[in-house]
Each structure stands twice: as structure tokens, then as C-alpha cells.
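To start, the structure itself, in C-alpha cells.
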Amino acid sequence: MQPNENKKVTPSEVQETFSSLLKKAVNEVNHAQVQSDIMTEKLANGENVQLHDVMIASQKASIMLETTLQVRNKVVEAYQSIMRMQI
């Protein structure tokens, strides 16, 4: 038996937890995008940065953004399914 198994969670607690998780994920995606932009700018300016590092950062940011969009789409789809349910 896990320690939190018997604890009742209120809807507002679930909403806060989900909201903070979502904000954290969006911030991580934003950070990856900014890092990719910084590395690309350094490469364009001729600074000491390796091309493969720039490409890896760019792909990482792209994959994170695509994953976030897919998760968002699934959440919206689930919400719409719930709203169509008859009570």
C-alpha cells in the first residue's frame, strides 16, 4: 500500500498540480528553444561552437515542441469527448 493511496484529492488540488506541471513543461520547451536560438546565433557569428552541437540543440527543441503540441491535442480531444458525454 502506498502512503498517499488513502488520501482524498480535491479537484482544485488536481487542477493546481496539472497547471504547475503544464507550466513547467512549457517553460522547458521555451528554454530549449532559446538555447537553440543562442547556439544558432553564435554559429552564424563565427563563434567557437560546433555545428553538431547546434544541430542537436535545434532537433531537441523541435522534438520537445512537437511532443508538447501532440500532448495538447490529446488533452483537448479528451476534454471534447468528456463534454460530449451525456449524463
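- Looking at every heavy atom in both residues, A57 comes nearest to S36 through O-CB, 3.8 Å.
- Members clustered with M55: M39, L43, V49, L51, V54, by chain and number, using a 4.5 Å side-chain heavy-atom cutoff among hydrophobic residues.
- For the atom pair S20 OG and Q15 CD, the distance stands at 11.0 Å (nearest 0.5 Å).
- Across all their heavy atoms, E13 and K8 have their closest contact at OE1-O, 4.1 Å.
- Identified under the side-chain hydrogen bond (donor to acceptor under 3.5 Å, both in side chains) test for residues 37-56, with sequence neighbours left out: none.
- Using a 4.5 Å cut-off between side-chain heavy atoms of Ile, Leu, Val, Met, Phe, Trp and Tyr, I38 falls into a hydrophobic cluster with V34.
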Which pairs would a plain distance check flag for residues 65-87, meaning a side-chain donor or acceptor within less than 3.5 Å of a matching protein atom at least two apart in sequence or in another chain?
{"residue": "E66", "atom": "OE2", "partner": "Q70", "partner atom": "NE2", "Å": "3.0"}
{"residue": "T67", "atom": "OG1", "partner": "I63", "partner atom": "O", "Å": "2.8"}
{"residue": "T68", "atom": "OG1", "partner": "M64", "partner atom": "O", "Å": "2.8"}
{"residue": "N73", "atom": "ND2", "partner": "L69", "partner atom": "O", "Å": "3.3"}
{"residue": "S81", "atom": "OG", "partner": "E77", "partner atom": "O", "Å": "3.1"}
{"residue": "S81", "atom": "OG", "partner": "R84", "partner atom": "NH2", "Å": "3.3"}

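- Shown here are the side-chain contact (heavy atoms from CB on, under 4.5 Å) partners of V14, two or more places apart in sequence or in another chain: V9.
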Can you list, pair by pair, the side-chain donor-acceptor contacts under 3.5 Å of residues 22-32, counting residues two or more places apart and other chains?
{"residue": "N27", "atom": "ND2", "partner": "K23", "partner atom": "O", "Å": "3.3"}

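- Although no hydrogens or angles enter the test, the distance criterion places no donor-acceptor pair under 3.5 Å between the side chain of Q59 and the main chain of I56.
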